[in-house]
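Excluded from the calculations below are hydrogen atoms, water molecules and symmetry mates; all remaining heavy atoms, backbone and side chain alike, are included. Worth saying up front: this structure is predicted, and the values here are computed from it rather than measured.
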Amino acid sequence: MKSEYSPASLPSARTIAADAAGIAEAAAIIHGGGIVAFPTETVYGLAADATSEAAVARIYAAKARPTFNPLIAHVASLDAALEQGLFSAEAQHLAKAFWPGPLTLVVPLAPGATVCPAARAGLQSIALRVPVHKVALGLIVAAGRPLAAPSANRSGRVSPVTAAHVAVDLSDAIDLILDGGRCPMGLESTVIACLEGPPRLLRPGAMTRVDIEAVLGQALAGPAGPIALHSPGMLASHYAPRAKLRLEAKTLESSEAGLDFGGIFGKRKNVLDLSASRDLAEAAANLFDFLHELDALGLNRIAVAPIPSEGLGEAINDRLARAAAPRGSS
Ligand code: TXA
Ligand code: MG
C-alpha cells in the first residue's frame, strides 16, 4: 500500500546567514504569517507573529506541541513588555537588572495586550523575555511586533543550539532557518513567575538562582504544587535524546557513549567532556550540542558523569533529569 507520507517529497526550509538581508527576509516571512528559526543567546527559537492566532497555530503544529503549553513572547525592551504584562515592583526590578538577557518573567496579562490567546494557551498570565542576542533583537525590531518563540525542536526533543540541529529536527515543517552560529549559553532562559506572593522559580536556566536572589534580596520560592500546573512545559519527560541516559555515572561501560565532566572517564572512544576544567558555563554551553552528537552515534545508552548542583549546575542537572525520565509521561 502506498504511504501518503513521503518525507522526500516535502519541502525543506532554507538555511540562510543571519545578516541584515537574512533578518529582513525572516521579518517579511513573519509578517506573512510564516514561522522562522532564529538564534538567541540561549537556544534556537521558532518565531511567529505573537499577535496572530493563525501564525501561532503553525508553531504548535510544527513542533507537535500540546496547545495547553504557552509560549514566551519575545519583545525588544521593557517598555514593549509593559504593553503586554502587568509588572509588580519586583518584576520591574528583575527586568531592569537582567534584560536584555536569559530571564523570562511570567506576569499578569495587561489590559489591551496584543499577544493572542493561543500564544498564552488561554492563560491570563503572559511569559515575556527580552533576549540579548543581536540577531534575536534585530529580528524582533524588524518584525515590529512581539514574537512568540518556543525552542526550535519537536516537542519533547533536545533543544537546538545550532542551525544544523534545527534543520535535522524541523526542516520539513518551517519556512526558514536563520543561521547565526552556535548559541553562546546553550541552556534555555530561567523562568520566574511574578504573580501573587513572592517570585517563584518555574524553570532553572541560563540565569542562575544566586544572581537572581542577590538582586531580589530574598530567596526565590519554588512552585506551589506540581510544577506542570504552573509551567506546563516542565512535564517530566522532556529534552529526550533517543538513547537512554544513566546519570551520576562514575565509570563507563564498554557499550555506552559517555558525557563526561572533568575527565573522569579518561580518554575513550565515544566520550565528550562537557568541561575538562570543570567550568559550569562551558558545560552548559556544550550540553545540548554534545547530547545531539552522542545520540547520533546510535548507541543505546549514554553514561553521564556527576555534575555539581551549584550555579548553572542546577539547570544542567534539571535538563539531564528530564532527559533521563521515562518516556511517554508527557
Ligand atoms: O531560552 C528560552 O527561553 C527559549 C528561547 C527561544 O527564548 N525559549 C524557550 O521556550 O525555551 P519554550 O517554549 O521551550 O519554554 C517556555 C517555557 C515553558 O516551560 C512554558 O510552559 C513556560 O515557559 N511558560 C510560558 N508561558 C507561561 C505562563 N503564562 N505561565 C507559566 N509558564 C509559562
Ligand atoms: Mg523547549
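We find that Glu188 and Arg322 are not joined by a salt bridge, their nearest charged nitrogen and carboxylate oxygen being 4.0 Å or further apart. Looking at Arg58 and Asp175, a side-chain N of the basic residue comes within less than 4.0 Å of a carboxylate O on the acidic one, giving a salt bridge. The pair Arg203-Glu314 does not count as a salt bridge, with every side-chain nitrogen at least 4.0 angstrom from each carboxylate oxygen. Under the 4.0 Å criterion applied to side-chain N and carboxylate O atoms, Asp172 and Arg154 are assigned as salt-bridge partners.
Looking only at distances, a side-chain donor or acceptor of His31 sits under 3.5 Å from a matching main-chain atom of Ala143. Side-chain N or O atoms of His165 include one that pairs as donor or acceptor with a backbone N or O of Val161 at under 3.5 Å. Without hydrogens or angle criteria, Asp260 side chain to Ile264 main chain gives a donor-acceptor distance under 3.5 Å. Of the possible donor and acceptor atoms, one in the side chain of Asp295 sits under 3.5 Å from a partner among the backbone N and O of Arg242. A donor-acceptor pair is defined here as one N or O able to donate and one able to accept, closer than 3.5 Å; such a pair exists between the side chain of Gln84 and the backbone of Val115. Listed for the Gln92 side chain is no donor-acceptor partner under 3.5 Å among the backbone atoms of Ala89. In this structure, the side chain of Asp179 does not engage the main chain of Ala17 through any donor-acceptor pair within 3.5 Å. Between the side chain of Lys244 and the backbone N or O of Ile302 there is no donor-acceptor pair closer than 3.5 Å. Under the 3.5 Å distance criterion, the side-chain polar atoms of Asp273 are matched with a main-chain donor or acceptor of Gly263. Side-chain atoms of Arg120 do not come within 3.5 Å of backbone N or O of Gln124 as any donor-acceptor pair.
Side-chain contact check for Val107 versus Ser88: every heavy-atom pair is 4.5 Å or farther apart. A heavy-atom distance below 4.5 Å is not found between the side chains of Arg209 and Pro204. The closest side-chain heavy-atom distance from Cys116 to Thr51 is not below 4.5 Å. The side-chain heavy atoms of Thr190 and Thr104, taken from C-beta on, include no pair separated by under 4.5 Å.
For the residue pair Thr42 / Arg129, a side-chain donor-acceptor distance below 3.5 Å is found, with atom types taken as modelled.
Classified by interplanar angle (parallel below 30°, tilted 30° to 60°, perpendicular above 60°), the ring pair Phe87/Trp99 is perpendicular.
The number of heavy atoms from other shown groups lying within 6.0 Å of CD (Gln218) is above 12.
Pairing each heavy atom of Leu147 with each of Ala47, the nearest pair is CD1-CB, 4.1 Å.
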Q. When you look at Arg14 and Ile16, which way does the side-chain contact (heavy atoms from CB on, under 4.5 Å) test go after all the steps?
A. CA-CA 6 Å; Arg14 268 179 315 131; Ile16 63 172; 3.7 Å; yes
